[in-house]
Amino acid sequence: MKKTIALLLALILCVSATACGKGGGNEGGGASSGEAGASGGGTGKKVTLRLGHIAGDTDAWHLGALKFAELVREKTNGSVEIEVYSSSTLGNDRDLIEGMQLGSVDFALVAGVLSNFYEPYGILELPYLFRDQEHLEKVLYGDIGKQLKQDLLDNAQIRGLEFWVRGPRELTANKKIETLADLKGLKLRVPEIPASIEAWKAMGASPTPMAFGEVYSALQTGVIDAQENPFALIASNKIQEVQKYLMLTHHVYGYVMLTMSDITYQKLTPEQQKAIEEAAQEATQFENDLVAKQEEELLKLLKESGMEVVEPDTAAFMEAAKTVHGKFAQQYGQELYDSIVNTQ
């Protein structure tokens with residue numbers, strides 16, 4: 001009798017475990033509980049994936065991410081759903097990248113902090129590296145950009161789906177910055193990017209690395225005096241409420257990359273992988289067009305909010321910043337640096 005009861009109990013536990021396994025769970029790829037994970041391969045079952053970024057809901061990043069999610073849903077006939085989390089809900093840039101390496105985050109929009117995971121990306125963050133927006137786009141969408149994406153995958157196990165452009169980085173502060181001397185001792189928030197930190201030191205500022213989610217309160221309480229970002233991030237995070245002056249320094253023409261965890265990618269079917277790659281290409285054009293359209297509108301908004309716009313003579317800024325270029329070119333790749341500078 002005892003043996004019969006034991007066998008019955010074992011059978012019940014086995015059936016129960018099998019049923020739980022069919023429920024999907026959060027195994028790999030960040031699939032939401034109750035739905036089949038992407039590891040089902042060709043099963044065609046629905047998988048829900050997560051995309052995080054640090055920008056606000058009105059930012060072009062967020063709108064581009066929503067467009068990407070919509071396109072993926074359409075192209076996979078609903079078998080892949082992407083939930084978009086804005087405003088550092090899934091963590092800051094470093095958290096998002098580490099999450100993709102672990103498979104707990106599926107997609108992220110990230111930029112310069114990638115250099116902490118594959119150092120040559122630090123070259124892209126050197127102030128006054130790119131002459132203008134056209135120069136940036138020729139690099140990102142040419143052979144250099146393709147190689148950078150492949151190198152990121154090989155070295156950090158993160159897939160760079162597409163580069164998205166963004167407006168140039170500008171300086172904001174509670175004092176007017178018109179000359180290089182005005183930067184002396186300025187407590188300036190910068191991202192955790194060595195090239196950015198060293199260049200601002202060379203320009204005379206006192207750079208303070210900090211997660212972007214902490215910047216507003218740090219400015220409000222006087223922990224820092226200044227920050228630097230494109231118009232879109234300034235406006236969507238209401239930096240204009242705690243900063244009076246906007247300096248048009250154009251010191252970095254930058255990008256954000258739509259990235260994907262390779263762990264997640266490998267668990268999708270070939271059809272789903274192709275759909276995601278196609279959706280990324282289409283969303284790129286949508287986001288880039290939106291950024292171009294918004295730049296003028298955002299500058300107007302910042303002016304109307306009370307910010308005073310300053311146009312400093314940046315020649316001295318550029319000369320000082322470029323004193324660190326050689327160091328990082330040597331450290332991260334002279335060939336890469338030279339190929340960027342020589343792109344026409």
Side-chain angles (χ1 to χ4, degrees), residues 93-94 97-98 100-101 108-171 180 183 188 190-209 228-230 249-259 262 284 314-344:
D93 283 334
R94 183 180 286 275
I97 296 168
E98 290 174 349
M100 285 188 291
Q101 290 180 320
L109 290 170
V110 287
V113 177
L114 284 167
S115 64
N116 290 290
F117 297 83
Y118 179 56
E119 285 191 338
Y121 272 74
I123 288 179
L124 301 179
E125 301 304 315
L126 284 168
Y128 300 107
L129 172 68
F130 295 103
R131 297 182 297 274
D132 50 31
Q133 194 77 15
E134 183 181 2
H135 182 199
L136 170 73
E137 292 182 22
K138 284 181 178 178
V139 168
L140 295 185
Y141 299 124
D143 291 339
I144 297 172
K146 289 176 185 175
Q147 188 61 52
L148 282 168
K149 288 192 287 187
Q150 184 60 52
D151 290 343
L152 182 65
L153 177 60
D154 294 342
N155 290 275
Q157 293 71 56
I158 293 172
R159 286 188 171 267
L161 294 175
E162 289 293 339
F163 288 103
W164 291 1
V165 300
R166 56 198 302 204
R169 296 180 83 93
E170 317 288 6
L171 177 66
L180 194 65
L183 286 173
L188 169 66
V190 294
E192 298 177 70
I193 303 167
S196 181
I197 295 167
E198 292 301 316
W200 281 107
K201 281 182 181 177
M203 287 187 274
S206 179
T208 303
E228 45 84 53
N229 262 304
T249 48
H250 308 322
H251 53 276
V252 172
Y253 287 92
Y255 70 96
V256 65
M257 189 189 284
L258 175 59
T259 56
D262 193 49
T284 298
T314 58
F317 290 46
M318 189 182 305
E319 185 179 351
K322 284 189 173 183
T323 62
V324 305
H325 281 208
K327 169 186 173 181
F328 287 98
Q330 186 175 23
Q331 184 176 344
Y332 296 153
Q334 188 69 49
E335 185 178 347
L336 172 60
Y337 177 83
D338 291 342
S339 63
I340 290 173
V341 170
N342 295 324
T343 296
Q344 300 295 327

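- Distance alone, capped at 3.5 Å, is enough to place a donor-acceptor pair between the H325 side chain and the P127 backbone.
- Side chain of K138 to main chain of Q344: a donor-acceptor pair is present (N/O by atom type, distance under 3.5 Å, no hydrogens or angles).
- In the displayed structure, D132 atom CG is contacted under 6.0 Å by more than 12 heavy atoms of other residues, nucleotides or ligands.
- Ring-plane geometry between Y121 and Y118 is classed as perpendicular, the angle between the planes exceeding 60 degrees on a 0 to 90 degree scale with a lower cut at 30.
- Taking both residues in full, the closest heavy atoms of L126 and Y337 are given as CD1-CE1, 4.1 Å, listed atom of the first, atom of the second, then distance.
- Checked options L152, V110, D262; the residue passing with I158 is L152 (criterion: side-chain contact (heavy atoms from CB on, under 4.5 Å)).
- Heavy atoms from other residues, nucleotides or ligands lying under 6.0 Å from CD of E319 number 12 at most.
- Note that CG of L136 is 10.0 Å distant from OH of Y255, once rounded to the nearest 0.5 Å.
- With values rounded to the nearest 0.5 angstrom, F117 atom CZ is found 5.0 Å from R94 atom CZ.
- Between atom CE of residue M203 and atom NZ of residue K322 there is a gap of 12.0 Å, rounded to the nearest 0.5 Å.
- To the nearest 0.5 Å, atom CD of residue Q150 and atom CG of residue D154 are 4.5 Å apart.
- Put simply, CE on M257 and CG on L124 are 8.0 Å apart, with the number rounded to the nearest 0.5 Å.
- Between the E170 side chain and the H250 main chain, a donor and an acceptor come within less than 3.5 Å of each other.
- The distance from atom OG1 of T323 to atom NZ of K201, rounded to the nearest 0.5 Å, is 12.5 Å.
- A donor-acceptor pair under 3.5 Å is formed between the side chain of H251 and the backbone N or O of R169.
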Worked verdict on W200 versus L183 for side chain to side chain contact (heavy atoms under 4.5 Å, CB included): CA-CA 9 Å; W200 281 107; L183 286 173; 3.9 Å; yes
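- Looking only at atom types and distance, the side chain of Q147 has no donor-acceptor partner in the side chain of D143 under 3.5 Å away.
- Judged by distance alone, the side chain of Y253 and the main-chain N or O of V165 form no donor-acceptor pair under 3.5 Å.
- No side-chain donor-acceptor contact under 3.5 Å links S196 to the backbone of I193.
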